[in-house]
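The analysis underlying the following values was restricted to heavy atoms, covering all of them including side chains, and did not include hydrogens, waters or symmetry mates. Every number for a ligand or one of its atoms is a count from 1 in the order of the listing.
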Amino acid sequence: MGSVGPVDKGVVSVVDGVTVNFDPIELPGQRIVHGNTFPLVLKMSKPEGEGELSLDEAARALRDLSERGITTELLNKHGAVILRGQPDASPRAMSVLVHAAEEGRGHFPYDQLGLAGSRTVHEKEVFSASEAPPNLWIYQHNEYSRYTKFPSNIHFFCHAAPAKGGESPFAHSAEMYDRVAAELPGFLHDLTEKGLISPDVYRPPGKEAKNFIFTWAGPLAFGRDIQPGDDMATMKRKAEIQAARLTPHFWWRDNDELEVHQHVPAVRRHPATGKPVFFNSLAGRYGTAYDRGATDPPYVGDDGMAFPPATYRDGSTIPKEYLHRTWEISQEIAVLIKTQPGDLALVDNYQVSHGRAPWFEGERKILVSMWDTDKPEEKILDL
Ligand SMILES: [Fe+2]
């Protein structure tokens, strides 16, 4: 873990004679977690008199930081780094920037599997974030943390921001762990000892729900090999092959619905900081179910969608009051960032969860890009 460091004084990149400064700036609501600013916000600019920063200059500078190990150092220390100051808010700009940042440190694109949501591909490795209706909260979760496979990093890019609302909330999973440990020690003990079963129910193609539109046949769910014209039996066979890559625990329900159970730990340890992290989606899943009136059996929401809750791995029920308080804590510690077009938020998915605040006017377009590492020293650890 780094020096006091480049961080507090800012970071400088010089590539082919072009200097780019990364200077810390303050945003409302930033927190200090374990002594470090969360999230770190850096303003990118060229020195006085050297003109405006271009997308390509920003990308070269970012690649330089990554090749020098600084991107990883900053993410290990701060969990999330928001970069402001490059002028291009297009999906292509995000693609260029994230490729520079991640390829520069030897990471590769994460291959999504089992997506329980809808996402549109905008550019190479650039997807729309959730396409759920704007009036709905999306609560804190580490991306794909209910799953046996998940990305090391998820980055967010602001393409368009509404004047009011639609903030990007981030919460630090080490702070979340600390808070749950302090307030709900019995719950944390049970979670640590028992682990979780995360259930998901996927509707069949043509029977999508109202708010969260997805089916098992989606290309980012289990339908990557499904061809137009495949009959139901063929589609199911192809989906089974993909589901088996995540878990052996899946089965078909009535009406061609697919139920998938993934057995996962609820808490883990960050490979660089050594700190325990609350790495799961309990808060996010409970909050969504709560808003839909689906936190009691039969766990069906006012939108007709099934919200089966996570259980302990022995199949026993997690007391609802624990889930409710966990959800509240996740909202209490979240930092609501008002991103501007062109902002790139680099996020360590292992130690930072994310969500989405609702908005009621204007357009909010946040794009995401997911990356992974195969370096053993960078993989998340069991507690
Ligand atoms: Fe997400």
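For the 3.5 Å distance criterion, the side chains of Thr339 and Arg364 fail to qualify, holding no donor opposite an acceptor. For the residue pair His249 and Gln262, no side-chain donor N or O sits within less than 3.5 Å of a side-chain acceptor on the partner. Between Ser152 and Asp348, the side chains place no donor N or O within less than 3.5 Å of an acceptor N or O (distance only, hydrogens not considered). Gln112 and Tyr144 form a side-chain donor-acceptor contact under 3.5 Å, judged by distance and modelled atom types alone.
For an aromatic pair to be called close, the ring centres must be under 6.0 Å apart, and Trp216 with Trp252 satisfies this. Close placement of the His324 and Tyr290 rings is indicated, their centers lying within 6.0 Å of each other.
Of all protein N, O or S atoms, those under 2.8 Å from the Fe ion (ligand 1) number 3.
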